[in-house]
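As a basis for the values below, the full set of heavy atoms in this structure was taken, side chains included, without hydrogen atoms, waters or symmetry mates.
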2 protein chains.
Amino acid sequence: MTEGWKATDNRKISESTIHRLSHYYRTLSVLEREDYETISSRELARREKLTPAQVRKDLSFFGSFGTRGLGYPVKDLRAKIANILGIDRAWNVALIGVGNIGSAMVSYKEFVKQGFAIKLLFDNDQRKIGSNHKGIIVHDMRDLEKELKAKKIDIVMIAVPATVAQNIVDDVVRCGIRAILNFAPVKLKVADNVFYRSENMAMELEYLSFALVNLANRSGGKKLDKDSTNS
Amino acid sequence: MTEGWKATDNRKISESTIHRLSHYYRTLSVLEREDYETISSRELARREKLTPAQVRKDLSFFGSFGTRGLGYPVKDLRAKIANILGIDRAWNVALIGVGNIGSAMVSYKEFVKQGFAIKLLFDNDQRKIGSNHKGIIVHDMRDLEKELKAKKIDIVMIAVPATVAQNIVDDVVRCGIRAILNFAPVKLKVADNVFYRSENMAMELEYLSFALVNLANRSGGKKLDKDSTNS
DNA sequence: CCTTTCTTGTGAAAGGTTTCACAACACTGG
DNA sequence: CCAGTGTTGTGAAACCTTTCACAAGAAAGG
Ligand SMILES: NC(=O)c1ccc[n+]([C@@H]2O[C@H](COP(=O)([O-])OP(=O)(O)OC[C@H]3O[C@@H](n4cnc5c(N)ncnc54)[C@H](O)[C@@H]3O)[C@@H](O)[C@H]2O)c1
Ligand SMILES: NC(=O)c1ccc[n+]([C@@H]2O[C@H](COP(=O)([O-])OP(=O)(O)OC[C@H]3O[C@@H](n4cnc5c(N)ncnc54)[C@H](O)[C@@H]3O)[C@@H](O)[C@H]2O)c1
């Protein structure tokens, strides 16, 4: 039980658990900077607005990292979670579609700090191809395969109009990419061995709209929180 | 059973159900444009990669909109879902923080089409205050309360640096706002009667990272899909 | 009008996630 | 070394969501 998590393990880890690990990671980073040595599941839960049992259960899927009577060692646990999430290394990211959203992403310095470095840009607009964004040249879509492979890209972000998103995804998957972050408000069809996630702002706004119409002025109305305990 | 959903109903609707309604809505919009009269739960499920039972169950929480043997009337169902989600009306949105992400949002024309019109911009950078983005003037944060009330803002988007996000949220809530869409990668503390959702790209990237490290090259690897059946 | 075919709406079963509750253990102070 | 306190790790219970399975109803065709 002490040797922890193996990638080959067959246990099924829920999406919610992984998302909570991301949060734990951020909180632990703060605690580490504030020179905390250990933290209890109770205190961690308080900061995350979860139950202590939830915290312990989440961590227990991957090993036993705490000390009874004491809590978890902040530094080690942070490192362990980084390892579980695979963010203890650098990932090479490419971005396709250097428009409004795409430009914002390129200018965002936090990604690099978190180990996700945008190494390649693509567009099909002749006016944009060859131009320089924060030191990165925008490539022609025709060079997609060659460049993705040359730069050993792991993750592709897609910020093109919704109408062409599926085509681009198909191209990217054909080039061997297994992980995609999509910003177009469409549901993508991909093979079973390709992972993708979508950021869909319209959907979140619709959720807020639903909440305002249906859940507002309830007695002790409930918090809706994508960040919180419920997935 | 035929009079359908009431906002005063006490049944608990899950987040997943609401997200799926958003998807159904989009698919139904497409079907309506393609002049479909009716659609069965089976066909809708096929397009959404869900089970027919899931579709029927989701809809059944709000009433019974179908005809046995025939399916659901596309036009009516779309209208009904719009009503449930509260997107059959216009919402007034304000955006705080006109930086990289904020500017991208202002330039995004789809939001207006979907009933979410950005009516107000705020920043605390003197160089930005007074400037004009797509016809909207950037206001000083000091005018927050006055302007939010004058423009009858329903939803506030927060695109400021993570360090100040909580302060801004507190201000906004104090002005009476009940719905917030947050882009800063922090967990916000808000009262129980305030709804908020976060777009957290770092978290989605971390999920992809986890998938690449832990789930890749599994036998018949599983698709991770925020859009799909699991919330 | 009756039979066949189709599809909804929904209780009940199955499956998944969170919370509970407590044994096991670690540290502290006497 | 022992009693007392605190906290983990984890089966089991409680809770929540999805899937199953079928009765009920609608249309079509003879
Ligand atoms: N801007 C926002 O705030 C926002 C919000 C939510 C969702 N989105 C979504 O993000 C996506 C991008 O939005 P945007 O506002 O940045 O749009 P945009 O039009 O500013 O940018 C799209 C970019 O993609 C490029 N492009 C178009 N077709 C291409 C192709 N076949 N191959 C390569 N590049 C191509 C265009 O040249 C352009 O540079 C859209 O799907 C949009 O729905 C944007
Ligand atoms: N740019 C991205 O791609 C990206 C991606 C993920 C998350 N985010 C998050 O979105 C937020 C904004 O990112 P960005 O890249 O647009 O940053 P930015 O620095 O470009 O923009 C922030 C804006 O907020 C304004 N601001 C700062 N303090 C303020 C205050 N107290 N009141 C009002 N306005 C204030 C600044 O003047 C600036 O215009 C950040 O929290 C960031 O972490 C951005």
Problem set entry | Worked check of side chain to side chain contact (heavy atoms under 4.5 Å, CB included) between A:L181 and B:L205 | CA-CA 7 Å; A:L181 181 58; B:L205 284 172; 3.9 Å; yes
Taking only side-chain nitrogens and oxygens of [X], does any of them come within less than 4.0 Å of OP1 or OP2 of [N]?
X: A:S64; N: D:dG9; answer: yes
X: A:T51; N: C:dT19; answer: yes
X: B:Y72; N: D:dA26; answer: no
X: B:K12; N: D:dT17; answer: yes
X: A:R56; N: D:dT8; answer: yes

Pairs under 3.5 angstrom only: tabulate donor-acceptor contacts from the side chains of residues 160-169 of chain B to other protein residues two or more places apart or in another chain.
{"residue": "B:Q166", "atom": "OE1", "partner": "B:K189", "partner atom": "N", "Å": "2.9"}
{"residue": "B:Q166", "atom": "NE2", "partner": "B:D170", "partner atom": "OD1", "Å": "2.9"}
{"residue": "B:Q166", "atom": "NE2", "partner": "B:K189", "partner atom": "O", "Å": "3.0"}

Atom pair distance, as rounded to whole Å: [atom1] in [X] and [atom2] in [N]:
X: A:D58; N: D:dG9; atom1: CG; atom2: C1'; answer: 13 Å
X: B:F62; N: C:dT10; atom1: CZ; atom2: C1'; answer: 16 Å
X: A:L50; N: C:dT19; atom1: CG; atom2: P; answer: 8 Å
X: B:I18; N: D:dT17; atom1: CD1; atom2: C1'; answer: 14 Å
X: B:K49; N: D:dT18; atom1: NZ; atom2: C1'; answer: 18 Å
X: B:D76; N: C:dT8; atom1: CG; atom2: P; answer: 15 Å
X: B:L59; N: D:dT18; atom1: CG; atom2: P; answer: 13 Å
X: A:E15; N: C:dT18; atom1: CD; atom2: P; answer: 11 Å

Exercise. Salt bridge between B:E48 and B:R20, side-chain N to carboxylate O under 4.0 Å?
Worked result: no
Problem set entry | A:R197 and B:E206 ion-paired at < 4.0 Å |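 Answer for the salt bridge query: no.
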For this session: List for me each residue that meets ring pair (Phe, Tyr, Trp, His ring centres under 6.0 Å) alongside B:F111, sequence neighbours excluded, and say none if there are none.
Result: B:Y108
Problem set entry | Side chain of A:K57 (C-beta onward), nearest among C:dT10, D:dG9, C:dT19 | C:dT19
Exercise. What parts of residues 30-45 of chain B reach DNA chain C, counting only heavy atoms under 4.0 Å away?
Worked result: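 Those residues are B:S40, B:S41, B:R42.
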Problem set entry | A:N214 (side chain) donor-acceptor with A:F210 (main chain) under 3.5 angstrom | yes
For this session: List for me each residue that meets side chain to side chain donor-acceptor pair (under 3.5 Å) alongside A:E37, sequence neighbours excluded, and say none if there are none.
Result: none
Are there any protein N/O atoms within less than 3.5 Å of an N/O atom in nucleotides 26-30 of chain C, and if so, which ones and at what distance?
{"residue": "C:dA26", "atom": "O4'", "partner": "A:R68", "partner atom": "O", "Å": "3.0"}

Problem set entry | side chain to side chain contact (heavy atoms under 4.5 Å, CB included) partners for A:S209, two or more places apart |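 By the side chain to side chain contact (heavy atoms under 4.5 Å, CB included) rule, A:S209 matches B:I87, B:W91, B:F116.
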Exercise. Could you walk me through whether A:R56 and A:S41 pass the side-chain hydrogen bond (donor to acceptor under 3.5 Å, both in side chains) check?
Worked result: CA-CA 6 Å; A:R56 294 202 298 275; A:S41 59; 3.0 Å; yes
